Amino acid sequence: MDEFHRDTWVEIDLDAIYDNVVNLRRFLPEGTQIMAVVKANAYGHGDVQVAATALEAGASRLAVAFLDEALALRKKGIDAPILVLGASRPEDVALAAEHRIALTVFRSDWLEKASSLYNGSTPIHFHLKMDTGMGRLGVKDEEETKRIAALIDRHPPFVLEGVYTHFATADEVNTDYFSYQYARFLHMLDWLPSRPPLVHCANSAAALRFSDRAFNMVRFGISMYGLAPSPDIKPLLPYELKEAFSLHSRLVHIKKLRPGEKVSYGATYTAQTEEWIGTIPIGYADGWLRRLQHFHVLVGGQRAPIVGRICMDQCMIRLPGPLPVGTKVTLIGRQGDEVISIDDVARHLDTINYEVPCTISYRVPRIFFRNKRIMEVRNAVGRG
Ligand SMILES: Cc1ncc(COP(=O)(O)O)c(CNc2conc2O)c1O
């Protein structure tokens, strides 16, 4: 286990990850596989630990954004099939084949270059991405689709393992555009001479709302972490999700201010009365962004406003009264009856919940709990 020497840390409840995957497995039609999306360090939750837990809970595959993320999982001993969802380089096909990492393909010129560069015999698995309306990556026309299928067919080490698309609005109450994309996907699938073993289209929102239209695998991201894909569809979800991420710190300094005394850069905060002010060792370099000024934290089981500008490494809060240095402060999570959820932070930042855990930087150590006990501590500082 790593050590860390600053009183700010993330706690990841792997039991919540486990339960969210098990509950999805029980909810999905029999035989539907779960691909756990662990890109961006598992949305900031710790890629290796989440991957291992999701696989233990019944996920059969993993998805990442870029090849380096897949290689990092292999280096840490994760052996399950991994799909790179984003673009990769044709010159890296050999590396992907060597590590049994599947790549997304969506351009015939890319594939031609890859087939000219790769003269190995180790199979490389591809998932063909179809753009049904997300407008990001994917083939859009029949000729290109047939060209890609023929190129793969002509190159023995190339295997078409899957075909997929991605929805732009599955997390919206209105299902018109979702239905359009789904119908488009059905139409585009007929451009292939035959369907590959894996056909997948659903992200968390589609898996939870339209599980009858998920084909044989879903790509489970945000709700594996216990977060609703959007506030609008939260009431429509079929079962309770368990949030896995919490963020904590401790008071490292307290002082009593007299009326008129100031706090932090710009001296923008002025004490109105005699006030107890606490300092905590977390700032915008940890992803606790400056726009969180005027938000609040929990200390002593009560809400405490963040006062003055958030600094790079520290910020100040107005305490309910004198509290001992070392008192635990909860920035995301629960103290007694008070809770600050990731959704609360996202709302204050006028962003989506996905962004919040992703933004809590590598500098904040992660403590992993499994069966209510610490099973690992990961401190990336100094890892190079
Ligand atoms: C291709 C693809 N599949 C599945 C998922 C998982 O979606 P979920 O987390 O809603 O379940 C994502 C998430 N991609 C992104 C989530 O936020 N921005 C993204 O690009 C994705 O890009």
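Heads up: numbering here begins at 1 and tracks the sequence. Since this is a predicted model, take the numbers as computed values, not measurements. All ligand and atom numbering here is 1-based and tracks the order in the structure.
Scanning both residues, D344 and S341, for their nearest heavy atoms gives OD2-N, 2.8 Å.
For the pair Y43 and ligand 1, the shortest N or O to N or O distance falls below 3.5 Å. Polar contact check, F220 against ligand 1: no nitrogen or oxygen pair lies under 3.5 Å apart. Any N or O atom pair closer than 3.5 Å counts here, and V37 shares no such pair with ligand 1. Where the criterion is an N or O separation shorter than 3.5 Å, residue side chain and backbone included, S223 fails it with respect to ligand 1.
Figure legend: R370 and Y18 shown as a cation-pi pair, the cationic atom lying under 6.0 angstrom from the six-membered ring centre and within 45 degrees of its axis.
A side chain to side chain contact (heavy atoms under 4.5 Å, CB included) with T165 is found for exactly one of L189, V139, T132, namely T132.
Counting heavy atoms closer than 4.0 Å to ligand 1, residue K39 contributes side-chain atoms (C-beta onward) but none from N, CA, C or O. Proximity of R219 to ligand 1, defined as any heavy-atom pair under 4.0 Å, is shared by backbone and side chain alike.
For the pair Y239 (side chain) and L24 (backbone), a donor-acceptor distance under 3.5 Å is present.
Take H248 and apply the ring-ring contact (aromatic ring centres under 6.0 Å, His included) test, not counting sequence neighbours, and it matches W9.
Within a 4.0 Å radius of atom 18 (N) of ligand 1, the protein has no heavy atom.
Those atoms of ligand 1 with a heavy atom of S204 less than 4.0 angstrom away are 8 (P), 11 (O). For ligand 1, the atoms lying closer than 4.0 Å to a non-hydrogen atom of R136 are 1 (C), 19 (C), 20 (O), 21 (C), 22 (O).
Of the N and O atoms on the side chains of Y164 and R219, not one donor lies less than 3.5 Å from an acceptor on the other residue.
Not a single heavy atom of M35 sits less than 4.0 Å from an atom of ligand 1.
I360 has its side chain out of reach of P357: every pair of non-hydrogen atoms, C-beta onward, lies at least 4.5 Å apart.
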